[in-house]
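Chain identifiers are assigned alphabetically (A, B, ...) following the order of the sequence lines, protein sequences preceding nucleic acid strands; residue numbering begins at 1 within each chain. Everything quoted here is computed from the prediction, not taken from an experiment.
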Amino acid sequence: MTSEQDDSRLRQERLRKLEMIRELNINPYPYSFTRSHKAQELHEKYKDLPADTETEDVVRVCGRVLNERNTWMFVDLYDDSGKIQLFCHKQNIPEEELKRLRLLDKGDFLGAEGTVRRTKQGELSVKVTSYEILGKTLQPLPDSWDGFTDVEARYRHRYVDMIMNPNVRDTFRKRSIAIRTIREFLDSRGCLEVETPVLQVEAGGADARPFITHHNTLDIDLYLRIATELHLKRLIVGGFERVYEIGRIFRNEGISTRHNPEFTMLELYWAYGDYNQLMDLAEEMIVETAIKVAGASKVTYQGVEIDFKRPFRRLRMVDAIKETTGLDCSTLKTFEDAKTAAVKLGGVDLTHCDTRGHVLNAIFEHKAESSLIQPTFLIDYPVEMSPLTKPHRTNPGEVERFELFAYGRELANGYSELTDPLDQRQRLEEQAAKKAAGNEEAMPLDLDFINAMEYGMPPTMGIGIGIDRLVMLLTDSASIRDVVAFPTMKPIVK
RNA sequence: GCGUCCGUAGCUCAGCUGGUAGAGCACUCGGCUUUUAACCGAUUGGUCGUGCGUUCGAGUCGCACCGGACGCACCA
């Protein structure tokens, strides 16, 4: 096991110092501190101050001590805007107070007052005349020489990760910017942000295994939602023409660098539009988000340049298959034809395929998906794997669905929503039959959803975007855990 | 669930075909210093992931287990 950051020797030492601070009648955990400037503000205000120059300007700064040199003569103080150096010298501070600095440790919070100067070395500093401790640390921070690199420890103690690794804080700021951009984009287009139930009697709207929980007084099992789709569409039925939810989704599946059991999805439903208009809208939103987060529509992800430049390529699934395998799907009339062709290609896992459409999708996933590096809308899916999607207006057996891929990964899924209640009932009954036959990922029959649709639903376009995966791409994060502040971890068994 | 790799001091790691458990950093003490110290000196710190086995002798070899990383599978 890795360190729990509780080495008793180092902690005891800090407890000893804490005791000494208290014996001096100093509160090591005071109530407030009035600051005049953040570090960044000082750097901006005094950017033209020459080296080895003093000012008379008195400032008050506060933050966390992360480094100290020359026996506390130079202290690196960090706030959430950056670093400012403190210069602590007996010339300016009473000697006994100067000595008390040694009761501090790296990691402690400190407030200081003094004048602004730039040192001979060119480092902007606060020449400290008085200081106060604002929070004593008991746990030692990781070695700043080696950094905090243990992958497991970083995720388990994310707060330490954030203290030690500025890029981690930066990633979460960017995540916030991404979500805010999307909100503003949608709000400015008349979309209404709504909230729908997390706890559901049946978990529908996607193919995934749900988490199960229990309500005590009702004495019933409930599922955590695997999608927000079915409730958002009820809102469309209810008369809201543009609704969206940025919500946590829970799926009881494997954990990997691209999957966290809980993740954040944007789902948007917009009446009177179809999947063609939706692709235009999605492009615009994603490009705007990329520019706000990464500064440009072009980003580098894991060494590969990804250009979110409009328009994104639009590629029919059957054409993607043809491009990479040479296979003409129109010659595959039946499930058996498709299976035979897939076996002939080799390397296609058909374990969960029970229809022609699923086989085509498997061929795509195994042969073509990883080659979709630049943003590409894969369009026109087989009807069998899309029970909530409107049939294609011209191509039999297909539906008006797209998925957006970038770096070979799925980012979004959208379609012209199925609005025919009779067709919907039939498709969900087929799903329910599969579920009854043991397919854990098939959708349950949500009769109330069908009932809602029987009350009438306008033509609607709808999309789901994996926010975590989008943020991964825009922040060059290799793992979904890098963009989730507190990723799911196996508990430590003692 | 399967495969590959990994587990030695608080951290980063060394430790050869089996033979006295090490280094740097951190911590503590001391020194030096009115502009950079990631300095100098000394001390402290270990059930070598756990268990069993082979052996005169195991950090090292074997087996099992625990934990982790990555990949695959599952999953958009």
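At the phosphate of C27(B), neither OP1 nor OP2 sits under 4.0 Å from any side-chain N or O atom of R16(A). Contact annotation: R156(A) side-chain N/O to G67(B) OP1/OP2 distance is not under 4.0 Å. Note on K127(A): every side-chain N or O is 4.0 Å or more away from OP1 and OP2 of U34(B).
Of all the heavy atoms in M461(A) and L281(A), the pair that sits closest is CE-CD2, 4.2 Å. Summarising the geometry of W72(A) relative to C88(A), their closest heavy-atom pair is O-CB, 3.4 Å, with the distance given to 0.1 Å.
What separates CZ of F211(A) from P of C74(B) is a distance of 18 Å, to the nearest Å. Taking atom CD of residue Q12(A) and atom P of nucleotide G10(B), one finds them 15 Å apart after rounding to whole Å. Summarising the geometry, the separation between CG on N252(A) and C1' on G1(B) is reported as 15 Å, rounded to the nearest angstrom. Rounded to an integer number of Å, the gap from CG of D150(A) to C1' of G49(B) is 14 Å. The separation between L124(A) atom CG and U35(B) atom P is 18 Å, rounded to whole Å. One interatomic measurement links the two molecules: NZ of K17(A) to C1' of A26(B), which rounds to 12 Å at whole-angstrom precision. The CZ-C1' distance, from R251(A) to A73(B), rounds to 18 Å in whole Å. As a whole-Å value, the separation of D76(A) CG from A37(B) C1' is 12 Å.
Residue-level contact check: R69(A) touches the bases, meaning some heavy atom is under 4.0 Å from a base atom. Within the 4.0 angstrom heavy-atom criterion, no nucleotide atom of any strand lies near M489(A). Using a 4.0 Å heavy-atom cutoff across all strands shown, D349(A) reaches sugar-phosphate atoms only and no base atom. Using a 4.0 Å heavy-atom distance criterion, Y381(A) is classed as a base contact. Within the 4.0 angstrom heavy-atom criterion, base atoms lie near Q85(A). Residue contacts for T257(A): at a heavy-atom cut-off of 4.0 Å it reaches the sugar-phosphate backbone alone, with no base atom in range. Residue-level contact check: R258(A) touches the backbone only, with heavy atoms under 4.0 Å from sugar-phosphate atoms and none from bases.
The closest side-chain donor-acceptor pair between Q40(A) and S81(A), if any, does not fall under 3.5 angstrom.
A distance of about 38 Å separates the P atoms of G62(B) and U43(B), rounded to the whole Å. G19(B) and U55(B) are spaced 12 Å apart, taking the C1' atom of each and rounding to whole Å. Using atom P as the reference point in both A21(B) and U54(B), the two lie 22 Å apart (nearest Å). Nucleotides G41(B) and C16(B) are separated by 33 Å at their C1' atoms, to the nearest Å. Nucleotides U50(B) and A14(B), compared at atom C1', are 24 Å apart to the nearest Å. Rounded to the nearest Å, the gap between the C1' atom of C32(B) and that of C40(B) is 8 Å. A58(B) and G51(B) are spaced 14 Å apart, taking the P atom of each and rounding to whole Å. For U8(B) and G59(B), the C1' atoms lie 7 Å apart once the distance is rounded to whole Å.
The L10(A) side chain lies nearest to G10(B) when the options are C32(B), U28(B), G10(B). Checking U35(B), U33(B), U12(B) against every side-chain atom of T71(A), the shortest atom distance belongs to U33(B). For R481(A), counting side-chain heavy atoms from C-beta on, the closest listed nucleotide (U28(B), A69(B), G68(B)) is A69(B). The side chain of N70(A) lies closest to U33(B), out of C74(B), C27(B), U33(B). Counting only heavy atoms from C-beta on, R209(A) has its side chain closest to C74(B) among U35(B), U28(B), C74(B). With A37(B), U12(B), U35(B) as the candidates, the nucleotide lying closest to the side chain of K120(A) is U35(B). In the set C29(B), A26(B), U33(B), the nucleotide with an atom closest to the side chain of R102(A) is C29(B). Across A73(B), U33(B), C27(B), the shortest atom-to-atom separation from the side chain of K106(A) is found for C27(B).
Looking at R258(A), R251(A), R469(A) one by one, the single match for side-chain contact (heavy atoms from CB on, under 4.5 Å) with F263(A) turns out to be R251(A).
Pair check for C5(B) finds G68(B); Watson-Crick or G-U wobble, both atom distances under 3.5 Å. Figure legend. G53(B) is base-paired to C61(B); pairs are counted as Watson-Crick or G-U wobble with both atom distances under 3.5 Å. Across all strands shown, G24(B) pairs with C11(B); the Watson-Crick or G-U wobble distances both stay below 3.5 Å. Across all strands shown, C29(B) forms a Watson-Crick or G-U wobble pair, both distances under 3.5 Å, with G41(B).
Taking the six-membered ring where the residue is Trp, Y407(A) and Y301(A) present perpendicular rings, their angle passing 60° and hence far from 30°. Note on ring orientation: taking the six-membered ring where Trp is involved, the planes of H157(A) and Y159(A) are perpendicular (angle over 60°, cut-offs 30° and 60°).
Aromatic rings from Y275(A) and F377(A) are positioned such that their centres are separated by 6.0 Å or more.
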Practice prompt. In sequence, state the C-alpha distance, the side-chain angles, and the governing distance for F312(A) and F402(A), and then conclude on ring-ring contact (aromatic ring centres under 6.0 Å, His included).
Written response: CA-CA 12 Å; F312(A) 302 166; F402(A) 66 81; over 10 Å; no
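In terms of position on RNA chain B, the residue among E68(A) and T119(A) whose nearest nucleotide sits closer to the 5' end is T119(A).
No N or O donor and acceptor, one from the side chain of E13(A) and one from the base of U28(B), sit under 3.5 Å apart.
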